[in-house]
Structures are given as structure tokens and as C-alpha cells.
Protein chains: 2
Amino acid sequence: MSEETSPPLVIAIDVSDPALADRLASLLAGVAGVRLAAPGETASIALVSRDQPAGERSEIELTPRERDVLALMAEGASNKAIARQLGISVHTAKFHVSSLLDKLDATGRTDAVAHAARRGVIHL
Amino acid sequence: MSEETSPPLVIAIDVSDPALADRLASLLAGVAGVRLAAPGETASIALVSRDQPAGERSEIELTPRERDVLALMAEGASNKAIARQLGISVHTAKFHVSSLLDKLDATGRTDAVAHAARRGVIHL
DNA sequence: TTGGAAACTGCCCGGGTGGGCAGGCGTCAA
DNA sequence: TTGACGCCTGCCCACCCGGGCAGTTTCCAA
């Protein structure tokens with residue numbers, strides 16, 4: 001073979017804005033070692049849009065501790081598990097969870113991680 | 001290039017595999033019109049990993065009813081709420097939830113929607 | 001110094017959750 | 001016909017969850 005150091009990266013463009021998608025496509029077209037995925041092809045890497053609709057930059061303000069708790073919640077951790085892994089009491093874990101539900105405008109922990117994921121606060 | 005027709009695209013690399021992330025970074029470094037986001041900077045576009053762990057292309061098989069229940073779970077609905085909206089008993093709702101926990105290999109409903117989202121079974 | 005925010009802990013309690021048990025029905029393929 | 005499967009229902013029970021109450025400490029800014 002012609003000694004490929006590594007197989008070309010297959011990249012999918014998953015951007016709703018057509019103009020931006022087009023621009024990305026032409027930019028990547030000239031890059032060696034990269035190939036754009038055919039429609040329907042399973043790519044290993046994707047280019048995705050990351051900004052909120054521009055009016056909704058609702059950077060929900062979470063404290064460091066709340067982020068810790070939120071991350072564990074997204075792993076399905078119970079209050080007891082959160083407490084153990086963070087070295088705090090169950091009561092404190094519940095305290096943080098309660099704040100999270102409040103800030104994320106959620107009715108329960110499942111709703112909370114779903115909201116957080118939707119708003120880009122966490123990445124699943 | 002007499003003039004910049006548009007500002008450079010700020011791209012974030014959000015890939016867990018360090019080697020792959022590195023490769024992407026060096027590939028993109030030489031592309032005109034593209035700039036890599038600084039750590040913490042809010043990028044408009046992100047490169048994300050898209051493939052399952054390669055052995056686990058597990059198109060998890062859910063029954064139609066299970067998809068209904070899963071969608072409601074992702075909205076934070078309780079078993080009672082699921083039952084009411086689907087016109088079934090709470091027991092049946094619990095039955096479907098239980099099947100979902102099993103199929104999604106989750107420890108609880110929060111874990112279930114997180115897993116489903118990660119595996120692309122649902123979109124948040 | 002005073003105040004506020006973050007983080008932490010405790011107790012109580014109604015309701016939700018998850019697991020186990022034991023069934024029912026209709027459909028569809030072997 | 002017999003089985004498998006999806007879908008449905010019921011009861012029991014230990015445990016978890018979320019909300020309310022009240023309190024502590026530390027740290028930082030006004």
C-alpha cells in the first residue's frame with residue numbers, strides 16, 4: 001500500500017445552518033487526513049453547533065459544588081452515593097440537589113439532568 | 001487574501017480520546033479561516049466524538065410503548081404522570097420503566113435517560 | 001464590623017421509586 | 001396447539017426522594 005500513516009478521519013457535519021455547514025465543508029475539503037462522511041455514513045467525529053439560539057445565553061450560574069453534584073446525578077448516583085463520593089453527609093447532598101432543582105427549574109433529579117443537558121450545562 | 005470576508009470560525013474540540021483530540025488539533029491548526037477555541041472559550045462549533053466504543057453498536061431494541069415511556073421519563077414525568085398521559089395504570093407504567101432500566105442497563109430512571117441520550121436512543 | 005453567599009448538618013414526613021410475586025389478554029410464528 | 005412476546009394489572013414492601021423546618025461554619029466584600 002501507499003503507506004498511510006493512519007486512515008483518514010471521517011467527519012460528519014451536523015449543523016442546522018446551511019450556510020455555515022457549507023462553509024465548514026469547503027474548509028475541510030482541503031485538509032489532508034480528513035474526509036467528509038457520506039450522507040448516512042457513520043462518522044467517528046462530528047461537527048456540531050454549540051451556541052444557543054443567541055438570545056438564550058442563559059448561563060445558569062452554578063456553584064462549584066453544585067457542578068460536582070450535578071455530574072454525579074447525571075451518572076445516576078443516589079443522594080447516598082453522592083454523599084459518599086463527595087465526603088459529605090446525605091443531608092448536604094440533598095441540600096445541593098434541592099438548589100439544583102431550583103436553579104434548573106426542574107421537578108426532580110431526572111428532569112434536572114435533562115434540562116442541564118439541553119441547556120448545555122453538562123454534556124452527556 | 002486581501003480581506004477577511006468573515007471572522008474565523010472558533011472550533012472547540014470536545015473529544016475524550018487524547019490522541020484523537022491531538023490529531024484533530026494539529027489538522028485544524030493549518031486551516032485558514034479556522035481557529036481553535038481557547039480552554040473555556042465559548043465556541044460556535046465543536047468537534048465531538050460520535051462512535052460508540054466500537055464493539056457496542058447496540059441499537060437497543062425498545063418496544064413502541066417503551067419509547068413512549070422513555071420520552072415521558074426524559075421530561076421528568078413520575079410513574080403516576082406517565083400512567084395518566086398514556087391512559088394506563090401506575091403498575092403498568094412501572095412495568096415499562098422496569099423493562100427500560102433493564103434494557104438500558106441503568107440503576108434508576110435518571111441513569112436511564114442519561115444512558116439513552118448518550119447512546120442516541122433519545123435526543124434531549 | 002457587618003452582611004451575604006457558599007457549604008455544611010440535623011430531623012421529620014408524605015409520597016415516589018424499584019423489585020419481587022402472580023396473574024390476565026391478544027397476536028403471530030413454529 | 002403450543003409457545004413466545006408485547007402489553008396490561010394487581011399487591012406487598014424496603015428504600016429513596018423532595019420539601020419543610022432550623023442551625024452551624026468559613027470566607028469575602030462592602
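In what follows, every chain begins at residue 1, and chains take the letters A, B, ... in the order their sequences are listed.
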Problem - Separation of atom NZ in A:K94 from atom C1' in D:dA22, rounded to whole Å - result: 14 Å
Practice task
Figure out the CD/P separation between B:E61 and D:dC7, and round it to whole Å.
Solution key: 13 Å
Handout entry: A:L70 side chain reached by A:R67 side chain, heavy atoms, under 4.5 Å
Key = no
Problem - B:E66 CD - D:dC5 P separation (whole Å) - result: 13 Å
Practice task
Could you check which of D:dT9, D:dC8, D:dG6 has an atom nearest any side-chain atom of B:R65?
Solution key: D:dC8
Handout entry: From CG (A:L101) to OG1 (A:T107), nearest 0.5 Å
Key = 8.0 Å
Problem - Donor-acceptor contact below 3.5 Å, side chain A:H115 vs main chain A:A106 - result: no
Exercise for the section: Measure the distance from CD1 on A:I88 to C1' on D:dT24 and round it to the nearest whole Å. Expected result: 15 Å
Exercise for the section: Respond yes when some side-chain nitrogen or oxygen of B:H96 is under 4.0 Å from OP1 or OP2 of D:dC8, and no when none is. Expected result: yes
Handout entry: Protein-nucleotide distance (B:L62, atom CG; D:dC5, atom P), rounded to Å
Key = 16 Å
Exercise for the section: Please collect all side chain to side chain donor-acceptor pair (under 3.5 Å) contacts where either partner lies in residues 72-90 of chain B, sequence neighbours excluded, each pair once. Expected result: B:N79-B:R109, B:S89-B:T92
Exercise for the section: Would you classify A:T92 as touching base, sugar-phosphate or nothing, given that sugar-phosphate means primed atoms plus P, OP1 and OP2, and contacts are heavy atoms under 4.0 Å? Expected result: base
Practice task
May I have the step-by-step check of side-chain contact (heavy atoms from CB on, under 4.5 Å) for A:I45 and B:L20, ending in yes or no?
Solution key: CA-CA 10 Å; A:I45 295 292; B:L20 182 53; 3.6 Å; yes
Exercise for the section: Mind checking the CD1-CG spacing from B:I60 to B:L104? Nearest 0.5 Å is all I need. Expected result: 5.0 Å
Completion exercise
Its 5'-most and 3'-most nucleotides having an atom under 4.0 Å from a non-hydrogen atom of chain A, DNA chain C is contacted over C:dA6 to C:dC12
Practice task
Drop me the distance from A:L100's CG to A:K103's NZ, to the nearest 0.5 angstrom.
Solution key: 8.0 Å
Completion exercise
Rounded to whole Å, the CG-C1' distance (A:D111 to D:dC17) equals 14 Å
Handout entry: First encountered from the 5' end of DNA chain C, between B:F95 and B:S78
Key = B:S78
Practice task
Starting from P on D:dC11, measure out to CG on B:N79 and report it in whole angstrom.
Solution key: 16 Å
Practice task
Between D:dC16, D:dC17, D:dC7, spot the one nearest the side chain of A:K80, thanks.
Solution key: D:dC16
Exercise for the section: Could you check whether A:V97 gets within reach of a base, just the sugar-phosphate, or nothing at all, counting any heavy atom under 4.0 Å? Expected result: sugar-phosphate
Handout entry: Interatomic distance, A:H91 NE2 vs D:dC16 C1' [rounded to whole Å]
Key = 13 Å
